[in-house]
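Below is one structure, written out as structure tokens; the observations come after it.
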Amino acid sequence: MSQAQPEPSLFIIFGGTGDLARRKLLPALARLSAAEQLGRCHVVGVTRDTNFNDDSYRELVAESLDAAGLNEQQRHALCTATLHYHGIGEGTQEDFEALGARLTALEEQHGLDRQNRTFYLSLPPKAFPITMEGLAKAGLNRSAGWTRLVVEKPFGRDLASARALTEITHRYFEEEQVYRIDHYLGKETVQNLLVFRFANTMFESMWNRDRVESVMITVSESLGLGSRAGYYDGIGALRDMVQNHITQLLTLVAMEPPSSFDAEAIRYEKIKVLRSMAPIDPSQVIRGQYDHGVVDGEQVQGYLEEEGVPSTSTTETFVAMRLSVDNWRWTGVPFYIRSGKRLAAKSSQIAVRFRDVPVSLFQSMGAKLDTSDVLLITLQPDEGFSMHLDVKAPGDPFRTKQIPLSFRYSERFGEIPPAYQTLLLNVLNGDQTLFVHADEVEHSWRLYTPLLENPGIIHRYRAGSWGPKEADALAIPEKQLWQIDGALKDEA
Ligand code: BG6
């Protein structure tokens, strides 16, 4: 959301050779640099390995940028004298002090005299506390300029561990310094939710329990586990997708208009939504785990056969549930959410289904209005939205048909920036609007932790399906709400 050129700074990535850094962070920085949006920013990759040096790191990063599809100009924009490497060894107090000395030397050498620094912890969560402590003890949690700390989810694995992590973070850093990344917030279509709702009076006046029958949020993936068993098993869909990404989407859909468009005002409204959520009824939660099946024409194995997954694992790879936001605007409107791996398609959508007309004028003429109007916001792929409305089909007999009025980002604007590009630029510009506040983390875990404590049964579903059939039962009273997938296919 920020526009200005960032101030000169150092951007330090802990885990500088890791998967996230190579696939997302460094490509995002290279694109920004090539587009001259990065300002005078020097990037320092940090890992334990002391055998690397600036040159070998630049070579490795250039290969990663190539693999990520960046062109030569973009690769060159980053892999020059602005990219550095530092091996921190075992990470002792002296090692952190040596890092501090290296940063100061780089700042002097490159005229970055304001001492603005971002520390990005692209590390496994267990390394967060020790790294924050190491930085603080070496005096690196403050500088003459600004110091920002970026952390990646998961922010804890339940309410107690999230609180403990926040406590450690706040021991060394002020909340204003902390940027918790939920990459969904960096997606253009997610940001567009706010514009869509608050720049168009038409929708805002209908955005309530009087007009909306239900809201459904789906984040489905056709991919399976890949090589991530070590992270995913024991975590599952509720922690991996629902507690963070989907809950963020829900709060943006349900929140009241903020008093202004700044980070604090928006967070305040999002937290109010979380506080209004009713405790979740366990009978309205369906968990599932995929069996083998066919996805995108390929035979794939079941979750329990995936490498690194114990054959007795009860980790859910699918979850669907019905939630309630008990406030003046939303009481009585069901919010359905579902997310899973190895489903029929990769798709992130929000479907807002409006109430039926009070009297169907056309029924007496034999026309059947079998679906209510739906606003479908597609976050990916084919970012955009469509409004599904009834029209008269031409000719006799009198028939109505539901048709979509659509808008696609790609058709109107061409390529849209990847989420990390947006988020990193916001960090550099000190804009916390698209980041997750400690209070949001706490309230979200407060909602879901009771389910984690009593997980309930796990249903089977075939890879390549839309999840366990039991999940359909959640939505059937709402006219087979999940079936909106069909509508989207017709449109394509
Ligand atoms: C990550 C999850 O946060 O989001 C992954 O850990 C998931 O399991 C990914 O695959 C999905 O992100 P996207 O942007 O591809 O929808």
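For ligands, and for the atoms within them, numbers begin at 1 and follow the listed sequence. Starting from 1, each residue takes its place in the sequence as its number.
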For this session: Identify, for atom 1 (C) of ligand 1, the protein heavy atom at the shortest distance, and state residue, atom and that distance.
Result: His245 NE2, 3.7 Å
Exercise. Taking the six-membered ring where the residue is Trp, are the ring centres of Tyr409 and Phe407 under 6.0 Å apart?
Worked result: yes
Problem set entry | Atoms of ligand 1 close to Lys187 [distance to a heavy atom under 4.0 angstrom, numbered from 1] | 13 (P), 14 (O)
Seminar exercise, completed: Numbered in order shown, the ligand 1 atoms found under 4.0 Å of a heavy atom of Asp240 are 2 (C), 5 (C), 6 (O), 8 (O)
Problem set entry | Shortest non-hydrogen separation from Arg322 to Tyr336 and the atoms involved | NH1-OH, 3.3 Å
For this session: State whether the side chain of Arg239 and the backbone N or O of Arg157 hold a donor-acceptor pair below 3.5 Å, judged by distance alone.
Result: yes
For this session: Check each atom of ligand 1 against the heavy atoms of Glu221 and keep those under 4.0 Å away; list them by number with element.
Result: 7 (C), 10 (O), 11 (C)
Problem set entry | Close approach, Tyr232 and ligand 1, non-hydrogen under 4.0 angstrom | no
Exercise. Below 4.5 Å, heavy atoms only, C-beta onward: do Phe119 and Gln177 meet side chain to side chain?
Worked result: no
For this session: Identify, for atom 12 (O) of ligand 1, the protein heavy atom at the shortest distance, and state residue, atom and that distance.
Result: His183 NE2, 3.2 Å
For this session: List the closest protein heavy-atom neighbour of atom 15 (O) of ligand 1: residue, atom name, distance to the nearest 0.1 Å.
Result: Lys346 NZ, 2.8 Å
Exercise. Taking only heavy atoms of Lys341, which atoms of ligand 1 are found under 4.0 Å from at least one of them?
Worked result: 5 (C), 7 (C), 8 (O), 10 (O)
Exercise. In a check of side-chain contact (heavy atoms from CB on, under 4.5 Å) between Met132 and each of Val178, Val151, Asn141, which one passes?
Worked result: Val151
Problem set entry | Heavy-atom nearest neighbour in the protein, as seen from atom 5 (C) of ligand 1, with distance rounded to 0.1 Å | Arg228 NH1, 3.3 Å
Exercise. Does Glu175 offer a backbone N or O that forms a donor-acceptor pair with the side chain of Gln432 under 3.5 Å?
Worked result: yes
Exercise. Do the non-hydrogen side-chain atoms of Leu304 and Gln289 ever get within less than 4.5 Å of each other?
Worked result: yes
Exercise. Quick one: which ligand 1 atoms are inside 4.0 Å of a heavy atom on Lys153?
Worked result: 1 (C), 2 (C), 3 (O), 6 (O)
